[in-house]
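A, B, ... follow the sequence lines: proteins, then strands. Residue 1 opens every chain.
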Amino acid sequence: MHDIRWIRENPAEFDSAMAKRGVETMSAGLVERDANRRAVQTELQELQTRRNDASKQIGIAKGKGEDADVLIKEVGDLKDRMQSLEEKEKTLSAELTEMLSGIPNLPAEDTPEGNGEEENVEIRLEGNPPKFEFEAKDHVELGENLSGMSFERAGKLSGARFVVLQGALAKLERALAAFMLDVQTGEFGYTEIAPPVLVKDEALYGTGQLPKFADDLFKTTDDLWLIPTAEVPLTNLVADEILAEEDLPIRVTALTPCFRSEAGAAGKDTRGMLRQHQFNKVELVSICHPVNSLDEHERMTGAAEEILMRLGLAYRVMVLCTGDIGFSARKTYDLEVWLPGQETYREISSCSNCGDFQARRMKARFRPEGGKGTQFVHTLNGSGLAVGRCLIAVMENYQNEDGSITVPEVLRPYMNGLELITAG
RNA sequence: GGAGAGGUGGCAGAGUGGUUGAAUGCACUGGUCUUGAAAACCAGCAGGCGUGUAAGCGUCUCGAGGGUUCGAAUCCCUCCCUCUCCGCCA
């Protein structure tokens with residue numbers, strides 16, 4: 001959510017930043033509506049002042065046993081005008097809020113300009129893709145040959161874009177998640193949270209999925225929504241709160257299933273478990289002081305990268321361009337892991353700095369020490385990492401010619417020491 | 001699901017139609033006193049919006065939304081949430 005006062009004072013800056021995102025100029029309409037709203041509000045407040053004064057006088061008069069009919073009549077006459085102004089004010093501010101809540105965040109100054117995915121910029125390349133003496137298989141073939149992955153059975157249960165994991169592969173998935181949580185909580189200071197995965201409208205509004213992206217979500221018959229990412233419950237932990245400055249930063253992590261309708265992805269990544277309706281993810285969320293969010297963003301990205309490094313997976317770090325960053329983000333780093341089965345890098349983590357955009361929607365503030373008033377916090381979120389995709393990466397990068405999979409060393413403690421996953 | 005109770009400032013907790021945005025206590029901040037600290041005493045201490053260069057002034061908010069009234073934390077309606085008991089249940 002944007003600060004209308006800032007837009008009012010910087011309309012040109014607002015429009016040009018939006019243009020970079022491919023959103024058409026809109027400050028004029030917003031500013032006009034806002035001016036309208038304020039005029040009505042001021043007029044209404046003047047009437048309210050008069051009414052309050054008169055009502056107090058009535059109270060005093062009645063207390064003394066005096067007659068107050070003249071005043072009562074005057075206030076009665078104000079009523080009609082007040083009511084219509086109130087309605088007008090309500091409509092105008094509801095319209096303004098609706099317009100504002102559908103506008104994406106302003107990109108950061110150092111977010112590169114571009115129209116779409118193709119114009120994202122690679123800033124780092126880490127590790128080396130493995131070289132195989134044989135033709136690498138993809139995870140589907142590997143998984144099915146190991147009897148550890150069934151899309152057929154998942155289809156029977158739930159349809160397309162689901163998977164059933166079994167045996168050592170199911171365990172490997174669990175090992176990955178546990179490893180990620182242990183690193184993030186033990187070494188990067190994140191507090192582990194076990195949040196609800198069903199949430200109310202307000203929570204999704206707070207992080208920006210609603211009102212615009214309802215189609216991407218699953219909704220229950222009880223009007224609760226399945227979370228598309230733990231970013232939603234974790235970030236909204238501080239909604240409607242005024243924190244003490246010393247509470248910041250708040251770093252939290254959670255392993256949760258994530259649910260996405262993938263409505264816009266028909267026909268895309270249909271093979272395998274790259275794009276599922278349900279997948280596990282370890283999410284990282286930071287709530288921090290505005291002056292620290294840039295540093296926090298780098299730190300968070302590093303925390304996610306650490307997992308890939310320790311797993312010995314090759315990856316690259318991309319900065320998303322203005323045409324590809326998400327609705328709530330000012331700047332986003334994507335981590336893309338090398339997948340031998342596709343001979344390409346694929347997204348496995350996305351780390352975003354949302355500035356105060358979500359904080360405004362959630363009304364998440366802190367009280368600066370010594371200063372007066374409150375300020376909005378900054379929020380950041382990142383995957384640390386997507387567990388399902390990480391499973392794919394491990395399988396494909398650690399495969400052997402016979403179809404077996406070597407368990408990366410850091411995962412062996414989580415696998416009862418198992419070193420090799422073989423069929424049977 | 002059934003029956004009941006309740007949601008007030010950072011916390012606890014008064015307040016059931018009238019100069020109440022809200023007593024009191026705790027916490028916190030500043031001051032006095034003290035060699036220093038504690039104690040005691042004094043003062044300050046909600047948020048949003050509007051207006052104004054500012055000091056300030058105004059307005060709204062006592063879970064949320066509506067209603068009654070000249071006037072609502074207080075009365076009425078709807079919803080949300082919490083607690084207790086019963087039922088069911090991982």
Practice item. To the nearest Å, give me how far apart CG (A:Leu198) and P (B:C81) are. Key: 13 Å
Exercise for review: Please state the P separation for the pair B:G63 and B:G13 - nearest whole angstrom.
Suggested key: 15 Å
Review point. Taking atom types as modelled and ignoring hydrogens, do the side chains of A:Thr379 and A:Gln358 form a donor-acceptor contact shorter than 3.5 angstrom?
Key: yes
Point to revise | Crowding at CG, A:Leu294 (>12 non-hydrogen neighbours, <6.0 Å) | key: no
Review point. Do A:Gln399 and A:Glu141 pass the side chain to side chain contact (heavy atoms under 4.5 Å, CB included) test, and can you show the C-alpha distance, the side-chain angles, and the key distance before you say yes or no?
Key: CA-CA 11 Å; A:Gln399 64 179 294; A:Glu141 203 178 337; over 6 Å; no
Practice item. Kindly indicate whether the side chain of A:Thr111, heavy atoms from C-beta on, has any atom under 4.5 Å from the side chain of A:Lys20. Key: no
Check your understanding: For the pair made of CD in A:Glu246 and P in B:A27, what is the distance, rounded to whole Å?
Key -> 16 Å
Check your understanding: Quick one: A:Gln48 CD to B:G21 P, roughly how many Å, whole number?
Key -> 14 Å
Review point. Yes or no on salt bridge (Lys or Arg N to Asp or Glu O under 4.0 Å) for A:Glu109 and A:Arg330, after CA distance, side-chain angles and deciding distance?
Key: CA-CA 9 Å; A:Glu109 302 70 43; A:Arg330 283 173 51 68; 3.7 Å; yes
**Study point:** For RNA chain B, the dot-bracket pattern of Watson-Crick and G-U pairs whose distances stay under 3.5 Å, | for other-strand partners
**Key:** ((((((((.[[[..)..(.....]]].(((((.......))))).((((((....)))))).[[[[[..)....]]]]])))))))....
Study note, to complete from the structure: For A:Arg271, the salt bridge (Lys or Arg N to Asp or Glu O under 4.0 Å) test, sequence neighbours excluded, returns A:Asp138
**Study point:** d(CZ, A:Arg51; P, B:G71) in whole Å
**Key:** 7 Å
Check your understanding: Between B:G17 and B:G10, how far is it from one P atom to the other, in whole Å?
Key -> 27 Å
Review point. Which is true for A:Lys73 with a 4.0 Å heavy-atom rule: it touches a base, it touches only sugar-phosphate, or it touches nothing?
Key: nothing
Study note, to complete from the structure: Contacts of A:Lys73 meeting side-chain hydrogen bond (donor to acceptor under 3.5 Å, both in side chains) (sequence neighbours excluded), chain-then-number -> A:Asp77
Practice item. Rounded to whole angstrom, note down the P distance from B:U24 over to B:C49. Key: 29 Å
Using atom names, set out every protein N or O paired with an N or O of nucleotides 61-68 of chain B below 3.5 Å, distance rounded to 0.1 Å.
unit_1	atom_1	unit_2	atom_2	d
B:G66	OP1	A:Lys90	NZ	2.7

Review point. Roughly how far apart, to the nearest Å, are B:C26 and B:A38 at atom P?
Key: 16 Å
Point to revise | Aromatic plane relationship, A:Phe366 with A:His289 - under 30° parallel, 30 to 60° tilted, over 60° perpendicular | key: tilted
Exercise for review: Rounded to the nearest angstrom, tell me the gap between atom CD in A:Glu241 and atom P in B:G9.
Suggested key: 13 Å
**Study point:** Worked check of salt bridge (Lys or Arg N to Asp or Glu O under 4.0 Å) between A:Glu306 and A:Arg310
**Key:** CA-CA 6 Å; A:Glu306 186 67 23; A:Arg310 294 208 197 169; 2.8 Å; yes
Check your understanding: For A:Phe366 and B:G10, what is the distance between atoms CZ and C1' respectively, to the nearest whole Å?
Key -> 17 Å
Point to revise | A:Glu74/A:Arg50 ion pair, N-O < 4.0 Å | key: yes
**Study point:** Rounded P spacing from B:U82 to B:C77 in Å
**Key:** 23 Å
Practice item. Check whether NZ of the Lys or CZ of the Arg A:Arg174 lies under 6.0 Å from the centre of the six-membered ring of A:Tyr414 and within 45 degrees of that ring's axis. Key: no
**Study point:** Inter-nucleotide C1' distance (B:U68, B:C75), Å rounded
**Key:** 8 Å
Pull out every protein N or O sitting under 3.5 Å from an N or O of nucleotides 18-20 of chain B, one pair per line with the distance.
unit_1	atom_1	unit_2	atom_2	d
B:G18	N2	A:Ser55	O	3.1

Check your understanding: Side chains of A:Ser352 and A:Thr332: is there a donor and an acceptor less than 3.5 Å apart?
Key -> yes
Point to revise | Atom-to-atom span, CD of A:Glu245 to P of B:G10 - whole angstrom | key: 18 Å
Check your understanding: If you measure from the C1' atom in B:A64 to the same atom in B:G6, how many Å do you get, rounded?
Key -> 16 Å
**Study point:** salt bridge (Lys or Arg N to Asp or Glu O under 4.0 Å) between A:Arg37 and A:Glu95, intermediate numbers included
**Key:** CA-CA 10 Å; A:Arg37 189 197 105 243; A:Glu95 282 172 5; over 6 Å; no
**Study point:** Per-nucleotide protein contact string for nucleotides 46-51 of chain B (B base, S sugar-phosphate only, - none; heavy atom under 4.0 Å)
**Key:** SSSBSS
Check your understanding: Are OP1 or OP2 of B:U59 and a side-chain N or O of A:Asn52 less than 4.0 angstrom apart?
Key -> yes
Review point. On a whole-Å scale, what distance lies between the C1' atoms belonging to B:G18 and B:U74?
Key: 11 Å
Practice item. Please check if the side chain of A:His139 supplies one atom and the backbone of A:Gly341 the other of a donor-acceptor pair under 3.5 Å. Key: no
Practice item. Tell me yes or no: between the side chains of A:Ser350 and A:Asp334, is some donor less than 3.5 Å from an acceptor? Key: yes
